[in-house]
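Here's the structure we're looking at; comments come further down.
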Number of protein chains: 4
Amino acid sequence: MSKIKKLASKKNETKPLSRPSAVGRKRDDSLDSAIIEAALNALAEVGFDRMTMDLVAAKAKTGKASMYRRWSSKTELVRDALVFMNRHSVELTELPDTGSIRNDLLALVKPKSAEQSERKMRVLAGLGSFFAEYRKISEDISTHIFGGWEKANAQLLTRAIERGEISKSADVEGTCQVISAMTAYTTTLLLKTFDKTTYANLLDNILLPALRSGTKPSGTKKA
Amino acid sequence: MSKIKKLASKKNETKPLSRPSAVGRKRDDSLDSAIIEAALNALAEVGFDRMTMDLVAAKAKTGKASMYRRWSSKTELVRDALVFMNRHSVELTELPDTGSIRNDLLALVKPKSAEQSERKMRVLAGLGSFFAEYRKISEDISTHIFGGWEKANAQLLTRAIERGEISKSADVEGTCQVISAMTAYTTTLLLKTFDKTTYANLLDNILLPALRSGTKPSGTKKA
Amino acid sequence: MSKIKKLASKKNETKPLSRPSAVGRKRDDSLDSAIIEAALNALAEVGFDRMTMDLVAAKAKTGKASMYRRWSSKTELVRDALVFMNRHSVELTELPDTGSIRNDLLALVKPKSAEQSERKMRVLAGLGSFFAEYRKISEDISTHIFGGWEKANAQLLTRAIERGEISKSADVEGTCQVISAMTAYTTTLLLKTFDKTTYANLLDNILLPALRSGTKPSGTKKA
Amino acid sequence: MSKIKKLASKKNETKPLSRPSAVGRKRDDSLDSAIIEAALNALAEVGFDRMTMDLVAAKAKTGKASMYRRWSSKTELVRDALVFMNRHSVELTELPDTGSIRNDLLALVKPKSAEQSERKMRVLAGLGSFFAEYRKISEDISTHIFGGWEKANAQLLTRAIERGEISKSADVEGTCQVISAMTAYTTTLLLKTFDKTTYANLLDNILLPALRSGTKPSGTKKA
DNA sequence: CGATAAACGAGACGGTACGTCGCGTCTTCTG
DNA sequence: CAGAAGACGCGACGTACCGTCTCGTTTATCG
């Protein structure tokens, strides 16, 4: 079903099953990417639910039949569009090598272009907050659900700083956000439960070591 | 529009704007929570898209009119239901105080009851993967988008371990997941761009200190 | 259920069953007629279907409960309102007696007042064409259904005049309308089938005698 | 909006305004009549108000969208269905010609088939008494409104017979019904006022000539 | 004169049908 | 045959009305 292989790798896999019969008009390959581009733009502009198949067809100047000839459902199209959008994140062959792990990690996220990166962010937002109009849900989740938890955690951390258990220069706010982020990520994307063991691992292996460490190597400040 | 304030705090009932007129039948407050409970159960059981308003009405033994009298749309109802579900996360007055920051943080996530916690997870999952059927999107996002990035990052970290820049006992996999989690969280929930400054802060304040720290305090193993 | 007896005849029927208990506030009799007036006005203004019970309640400055205390349904209210509207048509005791049957019949329809008569017409129209906005249905029925029939009948009558079977001065158009009217009246109001026997009676007893009669007594012209 | 022209006459398809664009799937003309047939059956079986659009869609094995693509509302559909039902009443080209006006008029109402005629009656009844349950309204109208009037008119006519002004064999009951029928027909279907002039014309041209005529030509009896 | 009981106005409630919109399929014409 | 256009079957949405109910208030009779 996925069209991405064809798009990503320009090889022609010779189509063993349900190959296009030799006669008749050939598939217009440029339509594949036109539809995906239209879908990504629609996702970024109006979000998943307001992205209707008719809208995408109109943006791609095609008809729905040509879309469903390529993808069996809206979901499949979105999946492929997302994979396509991130097709350049995966070049394991040409990893940066600056000699510093910090610079290596940062180099990896250098986007192709500013506007590409901008759209990428909006696409993810349009996905996560199902509806463009309804991204209030996101705000409410972050404010009411994770916001409350982060405030409580921050208070616990501040107290720990006061009694000298963790470093004075610990990044309290950042740590709390990591906790929220891992919870949301695990439940909504990995579709696993964020249980106590997972949480303890996060604390023991990453957060507590960082909190105890008294040094901030590069001295950057928060934005 | 939000009914949660009334549900959460049974107090400030002065109602300056659009207060219920003194005459006429009073709103049945028990219906508010009955509908929200029904909505949460529906979310947990069938996910956002399969949760129809008629289904929720049937579960709450009411009619759609009474639901739309309270919330102007399905989305508004879901927002309030989510806030309601987490109304107890915010009790800043009774924070745990075990003397250890690790135990404090863990104590905070002790749920009221096992089944409450179970449903909470399912509700979040039902939200994130909008449709039961469509959780493939989630899988693809984690596999293709973040999966590729995590693999690359893991390779960079392994190399750094080899050249002695970070600790041999560093939690490579966990660190990579935190990076993915923070990206997803920032874009889909906080609705902000995950830019280079934000990333650098995460690295400098939390991840790099943890990676350099050679100790794993509590000795817990990964799940 | 019917309130009309009480309104029409001011006698107090001593209420054998479900009589109003001696204690408690008394029914406001002026409300009965206020509601009926409001209902008639609503019927005349917007027709049966757009006459909502809330609208009538608002017009009568009362609540729906007070209406349903008197009539068990919208239909019952409308029935009584119609009867009330025509309560003066039935005074068999004081029939006109002018010595001429023509003047007697005409005298009977002298309305109480012009505006009363006007509203009466509009009420009937609002009933027959269920919706005010939708009285197009009526137009279509009269145009397409009865219109076609009337045209055909008119042609038959004209031919009969030509061959001298009926009077030259026969009222062709009027006769055709009577046929349509009797069909509609029998089926929609009397709820009987307008079968061949009924039709033959109408022809033999009324229409054919009139058509053969060569005289137009009073010489009035059509409007 | 009306689809009947297309159904009735298979000709003039030039379609100057809002013609179906040359491209795209064509409207399925058989659906037009399938829906109309379903609507007529529903009207005959359950009456106007119990005829829901979902019911008609189910009977026609289609969806509501396809119905609303053709007619903008339930009312429009009913209008066209009624016109369609009577599309054969208008064959002016093949009028009967028996040599007797009586037989001509009767021959015109010979239905295409018995069951067609049967349904036609039930459709009209389902219309006039808007709801199956609400045909009480019809009964009340005929009983209280026209019934009272007819009784009074009958008394006037009887008196006129007694003093010899009209024929002894005059059809008193039939004449009174014609008066009621013309009133109802004029107001509810023609949507005109039944004023004194109209009434006088009816009397002078049809009813009084018939009443004065002393002969009952064909000797048929009342049903 | 206060208690009791019912009517009243307002409006919430459960239910049902409406008319709209989107998905994924099918059909028609054009290249 | 593929492409563009758009009709089709289905199902959920959000609205409106019916007839019932529950409030708090007003009006009447009874103890």
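Proteins get letters first, then strands, A, B, ... in listed order; numbering begins at 1 in each. Hydrogens, waters and symmetry mates are skipped; everything else that's a heavy atom, side chains included, is used.
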Problem - Heavy-atom side-chain contact between B:W71 and B:V78 under 4.5 Å - result: no
Exercise for the section: Would you mind classifying the nucleic acid contact of C:A65 as base, sugar-phosphate or nothing, using non-hydrogen atoms under 4.0 angstrom? Expected result: base
Atom pairs under 3.5 Å, N or O on each side, protein against nucleotides 24-31 of chain F: can you list them with distances?
unit_1 : atom_1 : unit_2 : atom_2 : d
F:dT26 : O2     : C:R25  : NH1    : 2.9

Practice task
Please determine if a side-chain N or O atom of C:Y68 lies less than 4.0 Å away from the OP1 or OP2 oxygen of F:dG19.
Solution key: yes
Problem - Euclidean distance, atom CE of residue C:M67 to atom P of E:dG11 [Å, nearest integer] - result: 16 Å
Exercise for the section: Taking only the side-chain nitrogens and oxygens of A:S66, find out if one of them lies under 4.0 Å from OP1 or OP2 of F:dA2. Expected result: no
Problem - Pairing residues for D:D28 by the salt bridge (charged side-chain N to carboxylate O under 4.0 Å, His left out) criterion, not counting sequence neighbours - result: none
Handout entry: Rounded interatomic separation in angstrom, taking CG from D:D29 and C1' from E:dT28
Key = 13 Å
Practice task
Name the residue closer to the 5' end of DNA chain F, choosing between D:D28 and A:A60 according to the nucleotide with the nearest heavy atom.
Solution key: A:A60
Exercise for the section: Kindly compute the distance separating CZ (D:R79) from OG (D:S73), expressed to the nearest 0.5 Å. Expected result: 8.5 Å
Exercise for the section: Please tell me if the side chains of A:L31 and A:R70 come closer than 4.5 Å, counting only heavy atoms from C-beta onward. Expected result: yes
Problem - Side-chain touch D:L77/D:M53, heavy atoms, less than 4.5 angstrom - result: yes
Practice task
Return the value, rounded to whole Å, for the distance between atom CG of A:D49 and atom C1' of F:dA12.
Solution key: 12 Å
Completion exercise
Nearest-nucleotide check on DNA chain E, C:G63 vs D:K74; residue mapping nearer the 5' end is C:G63
Problem - Nearest-nucleotide pick for C:T52, side chain only, options being E:dC23, F:dC17, E:dC18 - result: F:dC17
Problem - Minimum side-chain heavy-atom gap D:R50-D:L55 below 4.5 Å - result: no
Exercise for the section: Please state whether the phosphate of E:dG11, meaning OP1 or OP2, lies under 4.0 angstrom from any side-chain nitrogen or oxygen of C:K64. Expected result: no
Exercise for the section: Check whether any side-chain heavy atom of D:K59 lies under 4.5 Å from a side-chain heavy atom of D:E45, and answer yes or no. Expected result: yes
Handout entry: Listed nucleotide nearest any side-chain atom of A:L31, set F:dG3, E:dC18, F:dC18
Key = F:dG3
Problem - Comparing D:L55 and C:D54 on DNA chain E - which has the more 5′ nearest nucleotide - result: C:D54
Exercise for the section: Look at the side-chain N and O atoms of C:R69 and state whether any lies under 4.0 Å from the OP1 or OP2 oxygen of F:dG19. Expected result: no
Exercise for the section: Could you check how far CD of D:E76 sits from P of E:dC18, rounded to whole Å? Expected result: 15 Å
Practice task
Ignoring backbone atoms, establish whether A:R70 has a side-chain N or O less than 4.0 Å from OP1 or OP2 of F:dG3.
Solution key: yes
Exercise for the section: Using atom CG of B:D32 as one end and atom P of E:dA12 as the other, report the distance to the nearest whole Å. Expected result: 12 Å
Practice task
Write down the distance between CE (D:M51) and P (E:dG19), rounded to a whole number of angstrom.
Solution key: 10 Å
Handout entry: Between P of E:dC18 and CZ of C:R50, the distance in whole Å
Key = 16 Å
Handout entry: Contacts of D:K74 that satisfy salt bridge (charged side-chain N to carboxylate O under 4.0 Å, His left out) - sequence neighbours left out
Key = none
Problem - d(CZ, C:R27; P, E:dC8) in whole Å - result: 6 Å
